[in-house]
Amino acid sequence: MAMATASTRAAGFTWPNNDLSRAPYRVYTDPDLYALERERIFQGPTWNFLALECELPNPGDYKATYVGDAPVIVARARDGSISAMVNRCAHKGALVCYKRRGNVREFICVYHNWTYDLAGNLTGVAFKRGVAGKGGLAADFQPERHGLEKLRVETCRGLIFGTFSDDTPPFVAYIGAELAANIDRVFPKPLKVLGYHSQILPNNWKLYAENNKDSYHASLLHVFHNTFGVVRPNMGGGVKISNSGWHHLSYTQRVSLGDDEVAREKVRSLQEQYRLKDPRMMEHRLELGDNITNAIQTVFPSLVVQQILNALAVRQIQPKGVDRTELVWTVLGFEDDDEAMKELRLKVNNLVGPAGLISMEDGCVGGWVQRAAKANPDATTVMPMGGRNVEASEGSRITEAAVRGFWKGWRECMGF
Amino acid sequence: MAMATASTRAAGFTWPNNDLSRAPYRVYTDPDLYALERERIFQGPTWNFLALECELPNPGDYKATYVGDAPVIVARARDGSISAMVNRCAHKGALVCYKRRGNVREFICVYHNWTYDLAGNLTGVAFKRGVAGKGGLAADFQPERHGLEKLRVETCRGLIFGTFSDDTPPFVAYIGAELAANIDRVFPKPLKVLGYHSQILPNNWKLYAENNKDSYHASLLHVFHNTFGVVRPNMGGGVKISNSGWHHLSYTQRVSLGDDEVAREKVRSLQEQYRLKDPRMMEHRLELGDNITNAIQTVFPSLVVQQILNALAVRQIQPKGVDRTELVWTVLGFEDDDEAMKELRLKVNNLVGPAGLISMEDGCVGGWVQRAAKANPDATTVMPMGGRNVEASEGSRITEAAVRGFWKGWRECMGF
Amino acid sequence: MAMATASTRAAGFTWPNNDLSRAPYRVYTDPDLYALERERIFQGPTWNFLALECELPNPGDYKATYVGDAPVIVARARDGSISAMVNRCAHKGALVCYKRRGNVREFICVYHNWTYDLAGNLTGVAFKRGVAGKGGLAADFQPERHGLEKLRVETCRGLIFGTFSDDTPPFVAYIGAELAANIDRVFPKPLKVLGYHSQILPNNWKLYAENNKDSYHASLLHVFHNTFGVVRPNMGGGVKISNSGWHHLSYTQRVSLGDDEVAREKVRSLQEQYRLKDPRMMEHRLELGDNITNAIQTVFPSLVVQQILNALAVRQIQPKGVDRTELVWTVLGFEDDDEAMKELRLKVNNLVGPAGLISMEDGCVGGWVQRAAKANPDATTVMPMGGRNVEASEGSRITEAAVRGFWKGWRECMGF
Amino acid sequence: MTIDSAALDHDLALRLRVEDFYAEYSHTIDDDRLEDWPGLFTENGTYRVTTRENFDSGLPLALIYCDGRGMMEDRISALRTANIYEPHVYCHLTSALRVLGASGGEIRARANFTVLRTMPEGDTTIFACGRYFDRLIEEDGRLKLRERLAVLDSRQVDTLLVVPI
Amino acid sequence: MTIDSAALDHDLALRLRVEDFYAEYSHTIDDDRLEDWPGLFTENGTYRVTTRENFDSGLPLALIYCDGRGMMEDRISALRTANIYEPHVYCHLTSALRVLGASGGEIRARANFTVLRTMPEGDTTIFACGRYFDRLIEEDGRLKLRERLAVLDSRQVDTLLVVPI
Amino acid sequence: MTIDSAALDHDLALRLRVEDFYAEYSHTIDDDRLEDWPGLFTENGTYRVTTRENFDSGLPLALIYCDGRGMMEDRISALRTANIYEPHVYCHLTSALRVLGASGGEIRARANFTVLRTMPEGDTTIFACGRYFDRLIEEDGRLKLRERLAVLDSRQVDTLLVVPI
Ligand code: FES
Ligand code: FES
Ligand code: FES
Ligand SMILES: [Fe+3]
Ligand SMILES: [Fe+3]
Ligand SMILES: [Fe+3]
């Protein structure tokens, strides 16, 4: 419609100097851009994490989740196939699933009892012939045109992804073989959910998305982190970036480099040396066939795949408004974990999550940017570490290349 | 003023295909449309319920209420006449009445002590001559031009209505004689307030307005309801709609029809048969001279007149923002009720209100639409039951005609 | 950028009839005007109170505050000079100070450890050479261009002010010698902070700014006030207004005038005479060399300087959104107060602050205007007391001249 | 301070038992053991939830009015089998308990209460706060409510009221 | 666990009486029986409400500072006759009561408190929470406050503070 | 109502001590005496904070899982020296305390809790509410927690959880 909607209001937005190393603060605060992201990013040519296959073991199992801030249902059909559809009745728009999980034969909207099969096709309309020959459906009503809005689904190593767009390439092509390899690496065998965390971030979703791609901050913000050698700038590792620039992997290996650059810096985070009374939460059983201690991978726009020692998780970013974001952690182990391994994972998970000793800072720092951002929406951030472009970096994580890659993806989707 | 206000921002809005059986979700979520509704609907050519005459028995009695989200005072003057005016001082705009009810000789604004008579005329300006000949009112000040903004008032069977517009037809002409007859029917004698409920609905006001006109949902959403035969699709009754389409009446009679259509449906709501341990709350004393068990009437845009068995009430819809609505229930009996009748009404009222066994669902279902609506504001609902037009329906309530009538009224007021 | 920002959306706003004695309610409710005020008023040619010198006695002392709703740091440097800068890191925009006060050697942003000196100059970038020769700053990065955004600072009698604009005249020229004299009068010697109050006002910041300039309301809204002769219309005093009209001083002296005008008014506030059981909180030690009991001074846009008997304070207005304002009270005494004087001030402060017996009404009345304002944003207030212009008034405070002066300042800054 | 030990024991015992009863009432609801809730009342016990607005004006309308255990059981069956609502949990906080007196085997007591409601999405809000006015008696060694009147401070109910307060 | 019954009785009695006093304090305010509030203090009792911000910095300013019952009575008369504000009600919740000690006939106690404020429109918010630090004595058989210091956790007061905490 | 005075004394004494312990636990945290918090547990005591979502589904993940006092002390040292967060304070409210039983020197108890969090800017919110499930024992005359399980009603944690619940 012609009205001044978000898209027309935001239409004039332009990216300053076409420079990926500066982002205007407005991108974090403008409700019109937020509305446009729903349409052009989350409902655009992107793959969005929906659920894990192990969460839907049986036919009829469903889970209600979100893509962007749009409510979505993911379900397993009788034939074992997985479908995803918008959680909005085709009749008057009520949530079809108002419970977060369940097992059903069919979906029944409680408002007027319209029914849908597990793939979202309309199968029944209450009183479609009316009563006593009076009332009932309009003659021209075509049930096949009134199913739930469907998403295209792909799975990868037990992770279920959905997309609204026909143009989105196949998942592996989307993230690239090099990054796909890390998903194979972290999830080599059947998964088991150990539990969930949900963390409310008082900031725009992109500030958290950037944070994950920001390999520069890890050793500087998270002191507990490097004080105990989980990640230190002087360990091996690097940053891989997909050709598109949209996705990344940052990883660490136990390989020592010269300490001198570090010594040269007066890094707050190395000022006090501090020892644990009970180091059991830092134990690491090498289980993935390599010496990588730490691997953080992003799938644009909304997924983070995490390996921190033996703490495995996927993190889903759910925008809840221009300045509010829900981060949903699904914490994982393997089906074949023995009791000792399960106990180890539970202890190591003290490091991550909303109360994580090495991750809690990410919960507040985005809010600090959000609060400062509104001082002047037309000023910009600067991201000059590791140059101005989007290239991978072997052996060093002191770069903002992956963050610049995020903005490349954002601009390509948004058309700015 | 020329600035890009709600009206200019929303100006481009157009209704899809001029089709009353589809409404774009944007109408529930757009703050500019919400602002325009204030001006074009609530302050437009509509009658809005203000209070009951029995709430203002004595001269000087006043009640503070709302029309749309504009604060309004309704008061009884010395001569017994009833006036209504905007609850905003003509000086600097403070609420003149900051208490919800009271009895006063005149209205005194506490900020600078300007005074108004019970009809809202400015009667006094503190220190209008200043002090010691200094200060005081500008020479050109004309008190008669600075009263409170007045509404035109009409009463009908003890109900008080107000309108901001000179173009609104007389009340009975506004709703039509056929629907006016139901007000005569439900309120045949002096009323008595048994109490109030206030219910916060987490949704746009129109979702609740539609819900009342949606005779299709009653037997499907409200299970308690039809399990106990208060309304069943196979009872008699029907839907009356004013010629304008704006207003409606849905009613039920104890007259049995063939059950077969019902049998043919697998209606969730009939699946479990369920009996009350204490049926006293379902007792019905026929008191209105007919066998109508249930009559729900709407007066566009904001009033619902309710008879459910012996539970009588008026419900006033007060928008509180684009996604928040207050529903104010004034629960009624008759002045001449004996103790037994009063006790019966108190018990029957377990069925309605925010905790009502047959009405509570309407409190949450609108919120479920509101949450789903934002997934895509340009998608539309469909309302195909009983055709695409706005006609009354004898003997069946399985129609959305009255809801389509609501959208007819909305479009005519909004000019879309 | 060209997008439809606040400024373009609000661009069409015009002031009705160029008349300072009427303000459209939209100015209190429109988020686009609010955003524009940030840029054109708070970051425009105005002086904004930041802190008191006595709050920053030592080098390295800092305080986090706000100018408008922009977070700002004020700090004392090694050389004793005072600087102010936006509390937003030049890198990715985190709050540099996330604590409200402290003492530091330098400012360290915790996110990536960039460091700034006490004047806000960038002094360090973590890993600027990367690690092992990999990563690090882009070659073209110029540290001197990436300091914190600075404000220009001036002090007056221990009060610290900051401005974003180069065009703001020197502080004394800004408020004028006549009003500057009152700051000399109230703060003649070294100050001591007795404590702070913070009060959330449920209204637009301008409603509180007007309230302070509104010498008309004092004797009418604040009954406790004049019942006990702190301010009565029949005492001496008057209203001084700067030549610009932006700033004002309203004061009262113990000099009796004829009571007749007052007698003629039936002022609610004089209806009941009421005596204190314990009058100690009303004691007044003349300490400023005159018989002025009460002096309220405003510095446009955000400061109030208060003397009420021996209760001295500065009040800073911090907008927190179009309909929410924080009022920060810094309650003062003199360094050389003896115990008795300190105790007297603590008792007298029962009269002011969020629980102040003569000031609490100002906490709610603005909210009453805010709630009534939205009834119709295009209606206007009227301010006819003391004419239509902006002139000072000897001997009477029954005038709205200073409020009209506020709107003169607002229009000149906003360009409407 | 000197005290009459026997009287003290008695008062303490009573206070202890009433406090335990209030705690048990809270846990019964907060644990979602709603089928046990009617059993906290006597067979003819009454349960009313109303608002200060109605209570202070002497208006008889209640949000919930159960006259006897049967109506309470009907409410619970209805919310289990018939009513539609988004599942949610309560957290009851009671404070300022006073045993106002005990005579003829009936104990009069009052307390302040707050109910925090948490929705599946995770938002926790103050769903209700107000005052309980109660009459209790002892039945086969257990305290039961002969009457509970819950007066809500607010006029408003957010969304709907289905689980007892 | 063995216990000294006499000491126990004494402690229990004291705890019981202090708890009852706190409950009565809450009901006196929450029932809007404000004219009775000064009587909960001794003739020269003091009542101060301040914030953690001021308290932790050793700043003497209080939001309310009543030095003796007279000033308390003046506050109540003022809010009844002079002050203008939107009528509202409080719901006090107190918890974590500790009797810290009793010596020389003076009892030192503390507790956490929360005040939920409900406005006529129906919105209920956390108006204040924090800590009471009290000194009580017995006067003709009743406990009275010689000193109550209420330290609010928040720096901020929403709108205004007129009814005592 | 007749009561067995000895049993009563014992129950009362136990209730009194458990209540005092809960109050002390609240004040230890709310006063920011966090270094004393691990001492409220036995050497091998466990402390877990989880959500109803995980608890009701039998999922073992916790937000905080301290297996022994050492891990508790590490948490406290970390928040003092290593972790970055905006300073804030808690106000604990506990209610509906029940001593469920005492056997073999171990006391089982439960209570409802609410934690109000106040930030430096002044906003106070319901940070958490839910249920404590506890096992306590007596060690050299003081009660200590052998196990505390805090089950949060909400799935969500706002911003971060650093100070124990
Ligand atoms: S909204 Fe789903 S059936 Fe009507
Ligand atoms: S605002 Fe009403 S008299 Fe001034
Ligand atoms: S945001 Fe401050 S150093 Fe990066
Ligand atoms: Fe991080
Ligand atoms: Fe309904
Ligand atoms: Fe004032």
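Chain naming here is simple, since letters A, B, ... match the order of the sequence lines and numbering starts at 1 in each.
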Next on the checklist: Need one label for E:S26: side chain, backbone, both or neither, based on atoms under 4.5 Å from any heavy atom in chain D.
Outcome noted: side chain
Item to check | Residue part contacting chain D, namely of E:Y90, when any heavy atom lies under 4.5 Å | outcome: backbone
Next on the checklist: Need one label for D:L152: side chain, backbone, both or neither, based on atoms under 4.5 Å from any heavy atom in chain E.
Outcome noted: neither
Item to check | Stepwise side-chain hydrogen bond (donor to acceptor under 3.5 Å, both in side chains) check, D:N112 with D:Y132 | outcome: CA-CA 6 Å; D:N112 286 351; D:Y132 286 132; over 6 Å; no
Next on the checklist: Out of E:T124, E:T114, E:D123, return the one with the most heavy atom pairs under 4.5 angstrom to chain D.
Outcome noted: E:T124
Checklist entry - Using a cut-off of under 4.5 Å for heavy-atom pairs, which of D:R110, D:E53, D:R52 has the most such pairs with chain E? => result D:R110
Checklist entry - When you check the side-chain N and O atoms of D:T28 and D:E24, is any donor under 3.5 Å from an acceptor? => result yes
Item to check | Heavy-atom contact with chain D under 4.5 Å, split by part of E:D30 | outcome: both
Next on the checklist: I need the E:I76 CD1 to E:D36 CG distance, nearest 0.5 Å.
Outcome noted: 10.0 Å
Checklist entry - Between atom CZ of E:R146 and atom CG of E:N44, what is the distance when rounded to the nearest 0.5 Å? => result 9.5 Å
Checklist entry - Is any side-chain heavy atom of D:T50 closer than 4.5 Å to a side-chain heavy atom of D:L59? => result no
Checklist outcome for this item: Output for pair (E:R117 CZ, D:S154 OG), nearest 0.5 Å, gives 12.5 Å
Item to check | Region of E:L93 that comes under 4.5 Å of a non-hydrogen atom in chain D | outcome: both
